Amino acid sequence: MTACKTPGRPDLDQLRALQRELAAQVIERPLTHEPQVVAGADVHIAGGEAVAVAVATDADGLMVREVRELWRHVDFPYIPGFLSFREAPAIVDAVNSLEAKPNLLFVDGQGRAHPRRFGLACHVGVMLGIPTIGVAKSKLVGRYAEPGRERGSTAPLVDRTETIGMVVRTKTGAPPVFVSVGNLITLEEAVAWTLRLTRDRIPDPTLRAHQQAQRALATRRARES
DNA sequence: GCGACAG
DNA sequence: ATCTTGTCGC
């Protein structure tokens with residue numbers, strides 16, 4: 001049999017076509033409801049085992065309402081531009097496991113600031129049908145001028161002639177983050193909510209999810225030794 | 001051909 | 001992301 005799926009080398013041409021198709025389903029428009037439940041999600045992967053964590057907080061990110069941890073097998077490799085095929089399934093499951101569906105979700109990666117305008121935050125946003133914001137710690141595509149050093153400074157992220165996101169200084173003196181629309185929100189709102197929920201460099205719900213995922217992996221490693 | 005390249 | 005604790009430098 002030669003027609004088996006080969007985890008090592010996915011059909012990227014086919015996936016690019018799929019991304020363009022799904023990118024057309026992304027809705028960029030103002031929030032229709034004031035978010036009451038905000039969430040952040042992150043995934044850590046070690047040797048085919050992925051742990052996704054979703055943390056739900058109040059609208060200011062100060063009170064944690066819920067933390068869900070979900071394990072999943074992952075075979076898709078990391079390929080720049082195709083991260084969502086590796087991480088989106090686990091994130092979607094983790095968010096769906098929350099008892100209260102969030103009105104806004106922060107995703108650790110790009111939204112529309114992607115070569116085909118379909119980063120991880122868009123993928124998750126389309127699958128869940130909720131507003132999502134992509135907050136990435138580094139750039140995937142686009143050009144930008146360094147924003148001012150103070151927290152709150154911004155600079156547009158531009159690809160060709162299109163503004164695909166915003167480079168945002170969320171912490172004075174720290175490297176900026178790359179904010180873009182995931183789904184059902186505008187770029188301006190995405191930037192405002194990112195600043196609102198960020199106390200350190202990345203949004204609080206995301207930071208909490210990140211730390212919880214790290215603890216979960218460490219725990220599993222200790223258990224296996 | 002040469003860089004760039006989310007997590 | 002991950003390998004990995006303390007240590008070198010401004």
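Quick caveat, the model's predicted, so the values are computed rather than measured. Residue numbering restarts at 1 for every chain, and letters A, B, ... go by the order of the sequence lines.
Going from atom CG of A:D159 over to atom P of B:dA6 covers 14 Å, rounded to whole Å. Residue A:R143 contributes atom CZ, which lies 13 Å from atom P of B:dC5 at whole-angstrom precision. The nearest whole Å value for the distance from the CG atom in A:L83 to the P atom in B:dG7 is 8 Å. Rounded to a whole Å, the CD atom of A:E49 is 19 Å from the P atom of C:dA1. The distance from atom CZ of A:F76 to atom C1' of B:dG7 is 13 Å, rounded to the nearest whole Å. Going from atom CG of A:D75 over to atom C1' of B:dG7 covers 16 Å, rounded to whole Å.
We find that A:E87 and A:R72 are not joined by a salt bridge, their nearest charged nitrogen and carboxylate oxygen being 4.0 Å or further apart. By the 4.0 Å N-to-carboxylate-O rule, A:R65 lies too far from A:D58 to be salt-bridged with it. The pair A:R196-A:E34 meets the salt-bridge criterion, with a side-chain N (NZ, NE, NH1 or NH2) lying under 4.0 Å from an Asp/Glu carboxylate O.
Under 4.0 angstrom from either OP1 or OP2 of B:dA6 there lies no side-chain N or O belonging to A:R116. At B:dG7, one or more side-chain N or O atoms of A:K137 fall inside 4.0 Å of OP1 or OP2 (strictly under the cut-off). Distances shown here put every side-chain N or O of A:S138 at or beyond 4.0 Å from the OP1 or OP2 atom of B:dC5. The side chain of A:H44 contributes no N or O atom lying less than 4.0 Å from OP1 or OP2 of B:dG7.
With A:F82 as the aromatic partner, A:R116 meets the cation-pi criteria of under 6.0 angstrom to the ring centre and within 45 degrees of the ring axis.
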*Go through A:R215 and A:Q212 one step at a time and tell me if the side-chain hydrogen bond (donor to acceptor under 3.5 Å, both in side chains) criterion holds.*
CA-CA 5 Å; A:R215 282 194 297 269; A:Q212 173 63 31; 2.9 Å; yes
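Looking at heavy-atom distances under 4.0 Å, A:I91 makes no contact with the nucleic acid at all. Using a 4.0 Å heavy-atom criterion, one finds that A:H114 contacts the bases of the nucleic acid, with or without backbone contacts as well. Among the atoms of the strands shown, base atoms are found under 4.0 Å from some heavy atom of A:G81. Base contact: A:L120 has a heavy atom under 4.0 Å from a base atom. Nucleic acid contact class of A:F82 (heavy atoms, under 4.0 Å, all strands): base.
The listed nucleotides are B:dA6, B:dC5, C:dT2; the one nearest the side chain of A:L217 is C:dT2. Among the nucleotides B:dG7, B:dC5, C:dC3, the one closest to any side-chain atom of A:K139 is B:dC5. Distance from the side chain of A:P80 is smallest for B:dA6 among the nucleotides B:dG7, C:dT2, B:dA6.
Here A:Y78 counts as stacked on B:dG7: its ring centre is under 5.5 angstrom from the base ring centre and the planes meet at under 30°.
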